[in-house]
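Below is one structure; the comments refer to it alone.
Hydrogens, waters and symmetry mates play no part in the numbers below; they use all other heavy atoms, side chains included. Residue numbers start at 1 and run along the sequence shown.
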Amino acid sequence: MSIRAIIIDDESYTSEALALQLEKYCPEVKLEGTFCNGMEGLGAIKKIKPDLVFLDVEMPKMNGFEMLEALDEINFELIFTTSYDQYALKAIRFSAIDYLLKPIDREELQRAVQKVIKRTGRPMAQQMEILMQKLKTPTKAINKLAMPTMEGLQMVPIDSIISCESDSNYTILRLKDNHRLIVSRTLKDIEEMLEDHSFARVHHSYMVNLNEIEKYVKGEGGYLLMSDGTTVDVSRSKKEFLLRKLLPGKD
């Protein structure tokens, strides 16, 4: 399988380094060109019609997000490239669009390309909607997350999540109506995505929706009875933090 790709990045040394890595480590990718700003990128996308775009987030005059908004449709795979930017990364994580942190790691690049190869289709329009909502209203609660699963991407209403359980590099989401979803994100990733919502990490392995707690049972750490009848352990180190969340204004 051959993937026709372009790079859009205002830093020439980054584009050159990425091009070399693609040539050496990702032979499936055929690089059709590198472009140094959003306007050039728009023209290249319309002319070349690439399968994959590596897009820098931070560019002068027109950043990567603004460039995407200027397109009539997005009918290509997308991998963002960015320096660490908590604001941008949170929005990208919400949408489950792939990203690579600069300087780009070879193994991360190979993993991202392999995901493109294996993908058989994804709800890009919904992902972009989530991304743009989060970028435009960062303090406003977004009501859905794009969650990568073994079958593809699933849009999960945030208020349908009862609890989250760590399972190595995966997380098990317990949803309303007794649904269970395994997503390929760590619990730390999920925690960062939901930090502006009514969720709390109550154990090394568990995070809960505070609105779905039915009862707290005392103990060394104690445990929670959730609305679906399941129980979640509370670690001793998280007990005071949890009680402050449940009893605001109390010492």
Side-chain angles (χ1 to χ4, degrees), residues 1-119 122 124 127-138 146 148 185 188-189 192-193:
M1 177 181 181
S2 179
I3 299 171
R4 298 168 62 251
I6 64 172
I7 298 170
I8 305 171
D9 194 316
D10 68 307
E11 298 173 335
S12 59
Y13 61 89
T14 300
S15 295
E16 290 167 7
L18 177 54
L20 288 171
Q21 285 184 301
L22 288 170
E23 182 179 5
K24 188 172 182 179
Y25 303 116
C26 303
E28 311 93 337
V29 177
K30 181 185 178 185
L31 188 60
E32 299 286 351
T34 61
F35 304 90
C36 64
N37 59 58
M39 288 305 297
E40 281 191 10
L42 286 173
I45 288 169
K46 291 174 183 176
K47 182 179 179 180
I48 297 171
K49 296 181 172 53
D51 304 311
L52 171 63
V53 173
F54 292 93
L55 179 61
D56 185 20
V57 171
E58 305 92 357
M59 294 186 292
K61 296 184 181 178
M62 176 186 284
N63 68 32
F65 302 129
E66 292 167 337
M67 194 208 81
L68 291 173
E69 280 197 291
L71 290 167
D72 294 330
E73 62 176 340
I74 298 172
N75 51 9
F76 48 83
E77 295 278 351
L78 180 62
I79 298 175
F80 285 113
T81 59
T82 180
S83 302
Y84 182 77
D85 179 331
Q86 190 174 10
Y87 165 64
L89 286 183
K90 180 175 285 189
I92 294 168
R93 284 174 180 147
F94 253 78
S95 66
I97 296 172
D98 279 332
Y99 67 91
L100 296 167
L101 285 176
K102 298 178 182 178
I104 294 170
D105 177 78
R106 171 178 64 84
E107 291 184 356
E108 292 293 330
L109 172 61
Q110 289 175 312
R111 273 195 285 269
V113 168
Q114 285 303 310
K115 281 194 275 185
V116 169
I117 292 170
K118 292 176 182 177
R119 209 132 49 204
R122 69 207 189 296
M124 175 57 86
Q127 286 177 273
M128 290 304 303
E129 182 181 352
I130 290 172
L131 175 66
M132 294 306 175
Q133 280 182 346
K134 188 65 179 173
L135 286 169
K136 291 176 180 177
T137 55
R185 287 284 185 272
K188 180 175 174 55
D189 289 336
E192 289 177 356
M193 293 164 73

List the atom pairs, with distances to 0.1 Å, where a side-chain N or O of residues 107-116 and a protein N or O form a donor-acceptor pair under 3.5 Å, not counting sequence neighbours.
residue : atom : partner : partner atom : Å
Glu108  : OE2  : Arg111  : NH2          : 2.7
Gln110  : OE1  : Arg106  : NH1          : 3.2
Gln110  : NE2  : Tyr25   : O            : 3.3
Gln114  : NE2  : Glu28   : OE2          : 3.1
Lys115  : NZ   : Asp98   : OD1          : 2.9

Derivation and outcome, side chain to side chain contact (heavy atoms under 4.5 Å, CB included), residues Ile3 and Phe76:
CA-CA 10 Å; Ile3 299 171; Phe76 48 83; over 6 Å; no
In Å and rounded to the nearest 0.5 Å, what is the [atom1] to [atom2] distance from [X] to [Y]?
{"X": "Phe65", "Y": "Leu55", "atom1": "CZ", "atom2": "CG", "result": "8.0 Å"}
{"X": "Ile8", "Y": "Met59", "atom1": "CD1", "atom2": "CE", "result": "6.5 Å"}
{"X": "Ser15", "Y": "Asp9", "atom1": "OG", "atom2": "CG", "result": "4.5 Å"}
{"X": "Ile7", "Y": "Glu32", "atom1": "CD1", "atom2": "CD", "result": "11.5 Å"}
{"X": "Leu68", "Y": "Met132", "atom1": "CG", "atom2": "CE", "result": "5.0 Å"}
{"X": "Ile79", "Y": "Leu100", "atom1": "CD1", "atom2": "CG", "result": "5.5 Å"}

Could you list the residues that satisfy side-chain contact (heavy atoms from CB on, under 4.5 Å) with Glu66, not counting sequence neighbours?
Met62, Asn63
Can you list everything that forms a side-chain contact (heavy atoms from CB on, under 4.5 Å) with Pro148? Sequence neighbours excluded, please.
Ala96, Leu153, Ser184, Arg185
Minimum heavy-atom separation for [X] and [Y], please, with both atom names.
{"X": "Val57", "Y": "Ala88", "value": "CG1-CB, 4.2 Å"}
{"X": "Asn75", "Y": "Glu73", "value": "ND2-OE2, 3.6 Å"}
{"X": "Lys102", "Y": "Ser83", "value": "CD-OG, 4.1 Å"}

Donor-acceptor contacts, no H, no angles, side chain residues 44-52, under 3.5 Å, sequence neighbours left out:
residue : atom : partner : partner atom : Å
Lys49   : NZ   : Lys46   : O            : 3.0
Asp51   : OD2  : Arg4    : N            : 2.8

Can you tell me if Gln127 uses its side chain to pair, donor with acceptor, with the backbone of Ser95 under 3.5 Å?
yes
Before giving the answer on side chain to side chain contact (heavy atoms under 4.5 Å, CB included), spell out for Thr82 and Leu101 the whole-Å C-alpha distance, their side-chain angles and the decisive distance to 0.1 Å.
CA-CA 5 Å; Thr82 180; Leu101 285 176; 4.0 Å; yes
For Thr14, check side chain to side chain donor-acceptor pair (under 3.5 Å) against everything at least two apart and list the hits.
Glu11
Check the pair Glu77, Val53 against side chain to side chain contact (heavy atoms under 4.5 Å, CB included), reporting the backbone distance first and the verdict last.
CA-CA 6 Å; Glu77 295 278 351; Val53 173; over 6 Å; no
Residue pair Ile6 / Thr34, side-chain heavy-atom distance below 4.5 Å:
no
If you define the side chain from C-beta out and look only at heavy atoms, does anything of Phe80 sit under 4.5 Å from Leu89?
no
Output every pair passing ring pair (Phe, Tyr, Trp, His ring centres under 6.0 Å) with a member in residues 27-57, not counting sequence neighbours, ordered by first then second residue.
none
